[in-house]
Amino acid sequence: MPLRREEVEDALKTVQDPDLHRDLVTLGMVKRIEVDGNRIDLVVELTTPACPMKDRIRADIEAAIARAASEGGHEAPEVDLEFTADVRRPNEKVHGKASPLPNVRQIIAVGAGKGGVGKSTVSTLLAVGLARLGARVGLLDADIYGPSAPTMLGLTDLPTQAHGNMLIPFEVHGIKAMTIGKLVDPEKPLIWRGPMAHGAFKQLATQTDWGELDYLVIDLPPGTGDVSLTMSQLLPLTGAVVVCTPQRVAQDDCRRAVRMFEQLGVEVLGVVENMSWFVGDDGKEYDLFGRGGAEVMAQTMGVPFLGALPITMPLREHCDLGTPLGNWEGPSAIGASVDDLCRAVASRVSIASMQGRYIQPTLSVT
Ligand code: ADP
């Protein structure tokens, strides 16, 4: 006799999401159980298309069903498991008010203690990488002092369009993007005072017609300034990713960035080590800046480490040419490392979102 539907459900109650530490049934992730003779059709909805735990969840489900069958004296069923994904909608309130971006599910800020460590590069790779893994993604280049998106995404020759008072984001490389760099003269130095920076960020974030997004990645200006404060007060952020290079001096700046987010009540999703190592023509890996430095720093600060990227010439070239998808092509491509990084970020986002750990800012300005 085959397993009954209720027995399959009971078996699934013994399978935990490895990140969320609760069972799949309680988490509402089991969307379909159909038993037809000895064949079981299952649909399990993950919290992100970039789920790093897919294979493990599949193995655990198959093991749990096989165990239930064997314990009940049934013959081993054939399991057809399909994964779907729905990025969960977190707390939509910020300071007790409704989010100005109700159609955006998760907002991830990317910051760094100082310029030049690859914050914009990582923001771009995260956005494009999450989209490649199946998510709907927007990238807001909020580095109003030195916007990189026009170059890194190749927007220079594209016209800026608006309908009414809403900007239409650029649809490139599988993502939607908006940048101050397309709204001001790129040759003119931008001197923003605090309130102007506040206004510019607010307009860019809320007057862009993002549509429905799973993730909005925000590339912040470097350091610990006005835009981060405005952002934390305006938007219900899921958390922040901090980019760091491995050297000692970079770590000190990175620590300050981590502390800033903590002070703003923004959860630090983790640290990314950029320019971690370099592969020479001889194929050897050189730890130019002391590989692992940022990882150790993350550990000592008690924040997660999300992954590392090497320093490579193709990556720099793709940044300069505005061809981010090129990072997934060719033998020395870093695409696999970027995918790992995206999965790590998506996983931290799901955990933060599920646990509802939205601490609201404790700092305010009047
Ligand atoms: P930030 O946003 O922190 O100021 P960027 O992302 O603009 O830094 O990066 C600065 C420069 O370094 C850019 O030219 C970028 O292409 C290059 N770069 C960043 N990360 C890497 C890397 N891992 N490998 C090669 N070049 C990189």
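Just follow the structure's listing: the first ligand is 1, and inside any ligand the first atom is 1. Just so it is clear, the values below take in all heavy atoms, side chains as well, and ignore hydrogens, waters and symmetry mates.
Checking atom 22 (C) of ligand 1 against the protein gives a heavy-atom contact under 4.0 Å.
Here is the list of ligand 1 atoms found below 4.0 Å of a heavy atom in Arg316: 16 (O), 25 (C), 26 (N). Close approach to Cys319 involves these atoms of ligand 1, each under 4.0 Å from a residue heavy atom: 16 (O). Atom numbering of ligand 1 starts at 1 in the shown order; those under 4.0 Å from a heavy atom of Pro310 are 22 (C), 23 (N), 24 (N). Shown in contact with Lys119 at under 4.0 Å from a heavy atom are these atoms of ligand 1, numbered in order with element: 1 (P), 2 (O), 3 (O), 6 (O), 8 (O). Close approach of ligand 1 to Ile311 is summarised as follows: ligand atoms under 4.0 Å from at least one heavy atom of the residue are 22 (C), 23 (N), 24 (N), 25 (C). Those atoms of ligand 1 with a heavy atom of Gly116 less than 4.0 angstrom away are 1 (P), 3 (O), 4 (O), 8 (O). Short contacts between ligand 1 and Met152, defined as distances under 4.0 Å to a heavy atom of the residue, involve ligand atoms 5 (P), 6 (O), 7 (O).
The shell of residues lying under 4.0 angstrom from ligand 1, judged by heavy atoms, excludes Ser123.
Neither the backbone nor the side chain of Leu309 comes within contact range of ligand 1; no heavy atom lies under 4.0 Å. Contacts between Val243 and ligand 1 below 4.0 angstrom, taking non-hydrogen atoms only, are absent altogether.
For the pair Leu125 and Leu309, the minimum side-chain heavy-atom distance is below 4.5 Å.
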